[in-house]
Enquirer: 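Please read through the structure below; I'll follow up with questions.
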Amino acid sequence: MSSFVLCFQDIDKTKLTVVGGKGANLGELTRIEGIHVPDGFCISTEAFKRIIGEASSINELLDRLSLLKVEDRHKIRELSGEIRSFIEGIAIPQDINEEIARHLSRLDEKNAYAVRSSATAEDLPTASFAGQQDTYLNIIGKEAIYQHISKCWASLFTERAVIYRLQNGFDHRKLHLSVVVQKMVFPQVAGIMFTADPVTSNRKVLSIDASFGLGEAMVSGLVNADIYKVCNSKILDKKISTKKLAIYALKDGGTKEQEIEQQRQNRQALTDEQILQLERIGRKIEEHFGSPQDIEWCLVDDTFYIVQSRPITTLYPIPEANDRENHVYISVGHQQMMTDPLKPLGLSVWQLTATRPMYNAGGRLFVDVTLQLASPESRENLLDVMGQHDPLLKDALMTIIERGDFIKSLSAEKKEPSPTKNNKSTSSARFQAEIENDPTIVSDLIKRSQTSLEELRQNIQIKSGLELLDFILSDIQQLRKSLLDPKNMGVIKAAMNASSWLNEKIEEWLGEKNVADTLSQSVPNNITSQMGLELLDVADVIRPYPEVIDYLQHVKDDNFLDELVKFNGGKETQDAIYAYLNKYGMRCTGEIDITKTRWSEKPTTLLPLILSNIKNFEPNASNRKFEQGRQAALKKEQELLDRLKQLPDGEQKAEETKRTIGLIRNFIGYREYPKYGIVNRYFVYKKALLKEAEQLVQAKVIHEKEDIYYLTFEELREVVFTNKLDYQIISKRKSEYKLYEKLTPPRAIASDGEIIVGRYKRENLPAKAIIGLPVSSGVIEGRARVILNMEDTDLEDGDILVTSFTDPSWTPLFVSIKGLVTEVGGLMTHGAVIAREYGLPAVVGVESATKLIQDGQRIRVNGTEGYVEILY
């Protein structure tokens, strides 16, 4: 077999590096019984390497190209054009030329051919290079085919291909190009078939686009195609488009646009029988490749020909189930305000900590709520919690429930509560009353957590090797038990119930919405809001020292703390920052992932926040802000009580309200403490595990200590035990993580892959209002600061923060802003709780907020009604 030219029949998936993604897939398609593929051959990457290798002067051009960035558009255009011209000018070597001629002779060189590029990084499971290189249709004659082969080679360096590689981190030198030469077919109808619905991601629904003539009319956007949706041999939907143009092949080569006669323009391109036949073909191809496929097809004289199949890379992965039943999964990340992917160690440690089973998909965690939705009683509880937490998620779940046939109900009707249930309910109410009447419960829980943490710090120091891993595993089990402690959840539940009761009753009695927001300001024991205020105190220490401020403005190195002592006020600054890190240094963005870099590991993260506080605030701002919030809450409480006393049964209503306000102010702050306890312990674990990883580096088991982030906890335990590791696992996981970073996780996903989207249902809002969830009352106007990375902070007084999500690490920014807008969040997520405590109008769950709102625009945030307006 030649190393330069291979027939389709000699190609399979193992030849990816030889014939590229498109070529390998065509070879695989020819192996599927009953699938028709136009015959052809591939000119291998060996031919490309030889041609490039013999042209030494191209190396200098590639060196220059490798130094460019995506932003250098003009230079990319200029240099890539130069490289293409150079490649097109290279003569094909005689021996390769002769091999191509032999294969053309076998197929009949008088035929028309498609000449298509096939790159080694094309049509991969983790990246789609579709459309990056060039395709030429209806090429007739040997010399024309040679010419277009050279054009294909050169198309590896089109501007769009170069930019795509730069964006996706592919090395220009490591990509090679094969060329596919394939007999042309001249279809009456052509199109694309997705074996999973590209809109909903439902793997059971197949979607077909079809139009007259060659498929290029659709690909180029010249015509609207018919769209057919099919599931299990049943056509679910048909959208018949007006098809005014088609592209047809010319007799002497090339293609032309042709207007379709009036009477055919609105005709269905495929018959129903053909649609179902195509579905069967699609499912057969999908089964062969083992994943959903994007398939190009042609219909010629009642025969379907397949001219390409590639994996669909944009579908979100489905959590794996152990059966074939329908399942519904909800995102943990949307509840934890962390929708970025977690590395394997982070995933497994969070799963070990979690109080219920979690499933990994796309580097994120999901919870299976199928059984809860199947039972009317638990369904009601789940929907109630979701309604308070994330109305978009509740609406998505309602969409599934209303279908009626997706989830098998455990019982058709609610059963009357049994005496056991009544007793349980009475017992639960009694326990809740005990919590509400215990004045020291919050301080006791905090003290217990701090004592336990100090014991962990002491005990872990003497552990190493397998003993360390087992010790951490045991401690995680104790952590889980403490999180499940009824007192823990009881305090948080009491605060949530009190807030809901108060908002409901005051709106009913006095017509005022969301009063609990004001009454939640400046409550005691909120460790997260304290974190923001205490960074203001750090700014107070530094403010008197201009030399230190100037130094901090130019710091790049995380060792800057050691250099501070050289300056006047440096020791005071050093002490203040160390004290802050000692208390909060375990925090960071995405802190539920143990592998994330903590503030103590990268203290420069805090410098923009500290400098912003110095610029925007006067001394003693933390005490003034806290007292201002406390006074606002006291004033609102007195105002409500006075108004209530004027109503019928006013004294009783006022008494109930006062008691409920007491519960909110005593308990709502504790909502933030359990997570603070978790991330404290995680940082202790992390430091010990990295110390262990250093031993693995020294033993040459891993290359760098951070490699352990790409192992699960159990895998790491095994590596520590055996001192052995197949390093390909690390490389594979790193590649997967890069792919997961590009995916957007859904709030809810079904086991058939469908992403269920929730909608806000509200009326009487301004015409151009961007709708979200109201979580902290008030209306504020200001400049939008769209910030995706906390380290990019540059806030002015009165700015409104617009971002994807805010976990506790973002809290220090909250002291500098006047309002908050996030894409993810719910009523009791961290950003909402802190916004209420700081008295910031906030709207969360605003889909695509960071795209719809531009940095610097003036916006109005209505945190009472839950919408944002762009003013100008």
Side-chain angles (χ1 to χ4, degrees), residues 12-13 16 21-38 122-131 187 189-211 215 218-219 225-239 269-299 303-321 324 326-327 361-362 406 739 743 746 749-756:
D12 61 22
K13 61 188 175 184
L16 176 67
K22 191 178 280 127
N25 289 350
L26 281 167
E28 285 290 329
L29 285 167
T30 63
R31 294 165 182 269
I32 308 173
E33 188 178 348
I35 301 298
H36 299 282
V37 180
E122 184 174 51
D123 300 342
L124 301 177
T126 55
S128 177
F129 279 66
V189 184
I192 300 164
M193 168 168 50
F194 299 94
T195 64
D197 191 322
V199 177
T200 67
S201 298
N202 191 332
R203 269 67 162 183
K204 292 181 181 176
V205 174
L206 184 143
S207 180
I208 299 168
D209 291 15
S211 193
M218 277 187 309
V219 175
D226 289 354
I227 301 174
Y228 317 123
K229 306 277 186 180
V230 197
C231 180
N232 295 328
S233 301
K234 182 180 178 184
I235 300 171
L236 304 179
D237 186 52
K238 288 189 284 191
K239 178 190 167 192
L270 292 177
T271 66
D272 286 4
E273 186 181 334
Q274 288 168 338
I275 292 169
L276 296 178
Q277 184 185 350
L278 200 50
E279 182 205 19
R280 291 191 291 274
I281 291 169
R283 291 301 177 211
K284 185 180 278 193
I285 293 171
E286 179 185 63
E287 184 181 5
H288 178 84
F289 284 105
S291 67
Q293 296 289 300
D294 165 359
I295 300 165
E296 296 174 27
W297 56 269
C298 298
L299 178 65
T303 299
F304 281 107
Y305 288 87
I306 305 302
V307 293
Q308 188 48 254
S309 185
R310 62 177 68 88
I312 305 174
T313 59
T314 55
L315 296 175
Y316 198 85
I318 307 170
E320 283 190 24
R324 293 181 172 272
N326 290 335
H327 292 265
F406 192 82
L739 168 65
L743 299 176
I749 186 169
S751 49
D752 58 14
E754 180 183 1
I755 293 170
I756 308 115

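All figures in this text were calculated on a predicted structure; none of them were measured in a lab.
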Enquirer: Taking C-beta and beyond as the side chain, do Tyr228 and Leu206 meet within less than 4.5 Å on heavy atoms?
Expert: no
Enquirer: In Å and rounded to the nearest 0.5 Å, what is the CG to CD1 distance from Leu276 to Ile281?
Expert: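 The CG atom of Leu276 sits 11.5 Å away from the CD1 atom of Ile281.
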Enquirer: Is any side-chain heavy atom of Phe289 closer than 4.5 Å to a side-chain heavy atom of Leu29?
Expert: yes
Enquirer: Rounded to the nearest 0.5 Å, what separates atom CD in Gln277 from atom OG1 in Thr303?
Expert: 8.0 Å
Enquirer: Look only at the side chain of Glu279 and the backbone of Asn232, and say whether a donor-acceptor pair between them is shorter than 3.5 Å.
Expert: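 Yes, the answer is positive, given that a donor and an acceptor are paired below the 3.5 Å cut-off.
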Enquirer: Would you check if Lys238 and Asp272 make a side-chain contact, meaning some heavy-atom pair closer than 4.5 Å?
Expert: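 Sidechains of Asp272 and Lys238: in contact.
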Enquirer: Determine whether a donor-acceptor pair (N or O, by modelled atom type, separation under 3.5 Å) exists between the side chain of Asn25 and the backbone of Ser309.
Expert: yes
Enquirer: Rounded to the nearest 0.5 Å, what separation is found between the OG1 atom of Thr195 and the CG atom of Asp294?
Expert: 8.5 Å
Enquirer: Could you tell me whether the side chain of Tyr316 and the main chain of Ala361 form a donor-acceptor pair under 3.5 Å?
Expert: yes
Enquirer: Could you check whether any side-chain heavy atom of Ile306 comes within less than 4.5 Å of a side-chain heavy atom of Ile285, counting everything from C-beta outward?
Expert: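 Answer yes - side chains close enough.
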Enquirer: Are Glu296 and Arg310 packed together at the side-chain level, in the sense that at least one heavy-atom pair is separated by less than 4.5 angstrom?
Expert: yes
Enquirer: Spell out, as yes or no, whether a donor-acceptor pair under 3.5 Å connects the side chain of Lys239 to the backbone of Lys229.
Expert: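 No; zero donor-acceptor contacts below 3.5 Å.
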Enquirer: Quick one, Glu754 with Lys204, criterion salt bridge (Lys or Arg N to Asp or Glu O under 4.0 Å). Give me CA distance, side-chain angles, the key distance, then yes/no.
Expert: CA-CA 9 Å; Glu754 180 183 1; Lys204 292 181 181 176; over 6 Å; no
Enquirer: Just wondering, do Pro198 and Thr314 contact through their side chains at under 4.5 Å, heavy atoms?
Expert: no
Enquirer: Just how far is it from atom CZ of Phe194 to atom CD1 of Ile295, taken to the nearest 0.5 Å?
Expert: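 CD1 of Ile295 is found 10.0 Å from CZ of Phe194.
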Enquirer: Ignoring hydrogens and geometry beyond distance, is a side-chain donor-acceptor pair present between Glu28 and Thr30 at under 3.5 Å?
Expert: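 Absent: no donor and acceptor within the cut-off.
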Enquirer: When you compare the side chain of Leu270 with that of Asp226, does any pair of heavy atoms fall below 4.5 Å?
Expert: no
Enquirer: Side chains of Ile318 and Ser201: does their closest heavy-atom pair fall under 4.5 Å?
Expert: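 SC-SC contact between Ile318 and Ser201 ruled out.
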Enquirer: Any side-chain to backbone donor/acceptor pair from Asn326 onto Phe406? Under 3.5 Å, distance only.
Expert: yes
Enquirer: Do the side chains of Glu286 and Arg283 get close enough for a salt bridge, i.e. N-O under 4.0 angstrom?
Expert: yes
